[in-house]
**Q** 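Can you read through this structure? Questions will come right after.
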Number of protein chains: 2
Amino acid sequence: MTRVLNDPTTFARDHLRGFAHLHADLLTAVPGGVVRADAPPAATVAVVTGGGSGHYPAFCGWVGPGLADGAVVGDVFASPSAEQVVRVARAADTGGGVLLVYGNYAGDVLNFTEALDRLAAEGVAVRQLAVTDDVTSAGPDERERRRGTAGDLVVLKVAGAAAAAGHDLDRVTALAERANARTASFGIAFSGCTLPGADAPLFDLPDGLMGVGMGVHGEPGIAEQPVARAADLARLLVDRLLAERPADASDRVAVLLNGLGATKYEELFLLWGEVAALLEAAGLTLVAPEVGELITSLDMAGLSLTVCWLDAELEELWRAPATSPAFRRGAVHAGPARRTAAATPAPVAETAPVTPRAPEVVAVSRLVAGAAGDVRDALAAAEQHLGDLDAVAGDGDHGRGMSRGASAAHEAAARAAALGAGPATVLQEAGAAWADRSGGTSGALWGAALRAAAGALPDDAVPDASAVVAAVTAARDALVRTGGAAVGDKTMLDAIEPFVTVLAEGVADGAPVREAWTRAAREAQTAAEATAQLTPLRGRARPLAARSLGHPDPGAVSAALVLTTLGGAGTGGGPA
Amino acid sequence: MTRVLNDPTTFARDHLRGFAHLHADLLTAVPGGVVRADAPPAATVAVVTGGGSGHYPAFCGWVGPGLADGAVVGDVFASPSAEQVVRVARAADTGGGVLLVYGNYAGDVLNFTEALDRLAAEGVAVRQLAVTDDVTSAGPDERERRRGTAGDLVVLKVAGAAAAAGHDLDRVTALAERANARTASFGIAFSGCTLPGADAPLFDLPDGLMGVGMGVHGEPGIAEQPVARAADLARLLVDRLLAERPADASDRVAVLLNGLGATKYEELFLLWGEVAALLEAAGLTLVAPEVGELITSLDMAGLSLTVCWLDAELEELWRAPATSPAFRRGAVHAGPARRTAAATPAPVAETAPVTPRAPEVVAVSRLVAGAAGDVRDALAAAEQHLGDLDAVAGDGDHGRGMSRGASAAHEAAARAAALGAGPATVLQEAGAAWADRSGGTSGALWGAALRAAAGALPDDAVPDASAVVAAVTAARDALVRTGGAAVGDKTMLDAIEPFVTVLAEGVADGAPVREAWTRAAREAQTAAEATAQLTPLRGRARPLAARSLGHPDPGAVSAALVLTTLGGAGTGGGPA
């Protein structure tokens, strides 16, 4: 249970403040995360990692010479926003280009990819690598679908050492990819963790049972079985990973035994005795193994074993010196203090100055801002429910992320409208704020949708019916493009698609926009309710249900419910 | 909850095996614990620490250059035995003498003090320091009664750095004492931990309450109060420690913020932000602060803050380089590999060869060994009950320690009897085995009592009635001498005293030993039952009850019950 906090909504920001204060010798806070305090030689590749908070030492504990140059710090269990990634990468870049290394989760992929596009558009040489070491999240034939867990550290260590050795961006990327391809992890959960501000854990396991293959946020595993003796547990973990041995592997391996938070050191050491004996009995040499808390999930009880099949080059990089708050090896000499962009961070709002519009246009902007306020209120009221839905197959952060994003969107929209901006600017601002402040998958999706809608609206005139249809269609297209879902995938698209269709048909038939919108919202509501027959499940039933439902995205399901709220708000406050 | 284990009774030994395998570059397992793998220059003071397991990184995580030269590893939450301390100290000694540094708990004091006496008798220059940093366990006027918690690390760091700087034993001891005198800690508990093999935590706190001032095993604190916001919690901790500021203190302090196991990194960093701000607002400069898991209690939720008021010399030692599995600072060069005594450990049994005795004498030895078997069985059956009693005011390890000690005592007694040893040798062997294998307070007390009894018995004749009385009296006297209790202190002496009196009176009145023994046992049983009106209390009532009872030693109380068992066994199998 998370007990030390002031306000659940500022937990991530507050912990980062204390962390940066503590480790001021090694790193510097910048908007979005932290970067190394010392400057590597000019034109060294910058390795930037990141992800949600709650996993310390992942990810900010790994910033320092020989490891990561920067870490992007999202909210608890939520991807950081693309905006955060861009800011940290900019601060870390010394002209040698940037490699983004992060765990393979939908929200992280969306946000890091968007950041990559934006950095590339700015002229930064940039590559990315989503770590895929968790063997239970997909089979060997679908390696690219596997989640990233403790293998993050191996890949990051190799990338950081390769960058420190002076390799160029392509070479650093290739080495990190090789490390990722040769790294496999297998995890066990004994109990769930509790998010800051929550009363109950994300999931429960009955006493005496363990979840086999569970992810670092309690994502569904492959089985539940009685808690095993340490010797049997070691056998289970080792056998599964030995099966992943590449055909060309030598007998030298890097090994990590990771505790998730409440499974403590003595237990890990005890298990290590069993694991090491089995690996050595299999003829393997254990190179610089690490046993401890490497990637946690708040106070979750559980553990994971990671093996990386080394070759000579990977071994040299794995053994190379590194210094960071949480991982040290050998002796590293830090560079001179960084003349950091971080010292003069870019302003948070980078919007071009607002162009004031005619009063009748600004009246529409005010309607849009008012609708954004209704959405914010509805999402605040639904926060718990959305979190519960998300806990069925995800990490339970969806309610908070949506609420935070909608609140930021409303603030931005209201501010722009008050400055006399047109409706396109208002929606653009709302979308940027949502994406930046929400983070996660939903932040990326809603940011993309709102900004796409803005692009289809006039900013200097009252939008006519066809412009409203074009905006809604553009939002839908952006969601499909960004999220990759199709109708029938049980995502929010299942509600949005009929909304767009019915609105477009109504307008084509000559109905006033308000009337067509009402009809479309009713249709979307019906579709959302059908999709939402996925009732929230907690506890034991959860992994099973999630499996049998084919891993639906409950974030998306609940977002569908939100759209009907947006539709409802639009009915009252939308353009006539 | 402790879930990763094979057998609760071998948990400590098993975890140490994996730990030593993992860190073979830094340390070497020896009987009783671990020592540095590298050799410091000859005649460097050896700093040896130790205590129960379950507190990692305390104590074995702190072995390495610049920190401890050796760590003695007891069972979970139980003091190591004097025998273990002696062995580790011998292995660590390079001729410069030994400083023993450990937390101030009754069992540790007994065993380290006995080890000190034995080492001194062997000609080793040896000093000891019991760390007393926990401000809530006694007032400033009784500093010597305070418990040792995370302050162990500060004192050990100062001692290790002073030894590495080449100071002699007196100087190293004086510097460590100065660090101890200037170090204060204050802790908070949110929930209890569960011992390996146990189903329930040692104590519970209701949701929403925190125990203020609780010790690292859940020893009673000073209050329960609602869980505070982080800002208020920081204020509570800081204000209490600022009140301990010595009159001559400068404005420079070493600071530790320690998590007990399930209170995780992000929470600690968040709290650190608040704590650091308050300390800085008080005009203090924070020197090389440490935030993380420094001394844990298995998976207990809670934390503690430690402040050491530095002077120039202490600051230099606190900042000096050190390398160990769990604590590193700067870069340290290890010495050459140790030609370690550890490589050829002394045999576990160091007894002189047994002298076979006449058959009628060996028959008495067999009776004694048989009684030891009855004691073992009775204690095995009572293990849970004794643990529950101990959990009222202690750390819940008493049942396991007694059972383990009695089992070892029986084995040793039976082996000696089978070899034809006399009764004095049998009791001597039983006492040595009990002390060595049980550890903790009870191991030291029972070891001393049995060995004292042995010293009063003939080894080459059937003991007569006066010898039996003399043996029991000697055992009682050894208990008083070793444990320091008086009749009425609610310790086992309250039952032993009437036993000895009634036995002596009966024998003086001419009764046969068996009859006098039966009467004495009945008297002891009555007295024990009166003392044992302390019924086991768990959960909320526990700290309050322990306080209102004036911190009795429930280990001793339950040992009184054991003596009546021993008496009962003696009735059946004792000397006629």
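Here is the naming used below: chain letters follow the sequence lines, and residue numbers restart at 1 for every chain.
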**Q** Identify, with sequence neighbours excluded, every residue that meets side-chain contact (heavy atoms from CB on, under 4.5 Å) alongside R235(A).
**A** D239(A), L278(A)
**Q** Under a 4.5 Å heavy-atom cut-off, does chain B meet the side chain of T296(A), its backbone, both or neither?
**A** side chain
**Q** Report the option among I188(B), V291(B), D25(B) that has the most heavy-atom pairs separated by less than 4.5 Å from atoms of chain A.
**A**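 Most heavy-atom pairs within the cutoff with chain A belong to V291(B).
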**Q** Check whether R3(B) gets within reach of chain A through its side chain, its backbone, both or neither, counting any heavy atom under 4.5 Å.
**A** both
**Q** Kindly compute the distance separating OH (Y56(A)) from CG (L268(B)), expressed to the nearest 0.5 Å.
**A**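 Answer for the OH-CG pair, Y56(A) versus L268(B), is 10.5 Å.
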**Q** Counting heavy-atom pairs under 4.5 Å with chain A, which one of P196(B), G18(B), A288(B) comes out on top?
**A**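 Greatest number of close heavy-atom pairs with chain A: G18(B).
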**Q** Please check this pair: side chain of K264(A) against backbone of G261(B), looking for a donor-acceptor N/O pair closer than 3.5 Å.
**A**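 Yes.
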**Q** Looking only at heavy atoms and a cut-off of under 4.5 Å, which of A262(A), A12(A), S191(A), A231(A) has the most pairs with chain B?
**A** A231(A)
**Q** Does N6(B) reach the main-chain N or O of A230(A) with its side chain, forming a donor-acceptor pair under 3.5 Å?
**A**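 Side chain of N6(B) to backbone of A230(A), a donor-acceptor pair under 3.5 Å: yes, one is there.
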**Q** Assign the ring pair F269(B) / H23(A) to parallel, tilted or perpendicular, where the plane angle (0 to 90°) is split at 30° and 60°.
**A** perpendicular
**Q** Side chain to side chain contact (heavy atoms under 4.5 Å, CB included) for F190(B) and V4(A)? Distances and angles first, verdict last.
**A** CA-CA 10 Å; F190(B) 297 117; V4(A) 182; 3.9 Å; yes
**Q** Does the side chain to side chain contact (heavy atoms under 4.5 Å, CB included) test come out yes or no for H15(A) and Y265(B), once each step is laid out?
**A** CA-CA 9 Å; H15(A) 98 257; Y265(B) 304 101; over 6 Å; no
**Q** Heavy-atom pairs under 4.5 Å with chain B: which of E290(A), R17(A), E267(A) has the most?
**A**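 Winner by heavy-atom pair count: E267(A).
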**Q** Has E266(B) got a side-chain atom pairing as donor or acceptor with H55(A)'s backbone, closer than 3.5 angstrom?
**A**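 Present.
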**Q** Which residue out of T263(B), L22(B), V227(B) racks up the most heavy-atom pairs below 4.5 Å with chain A?
**A** L22(B)
**Q** Using non-hydrogen atoms only, which part of L303(A) is less than 4.5 Å away from chain B: side chain, backbone, both, or neither?
**A** side chain
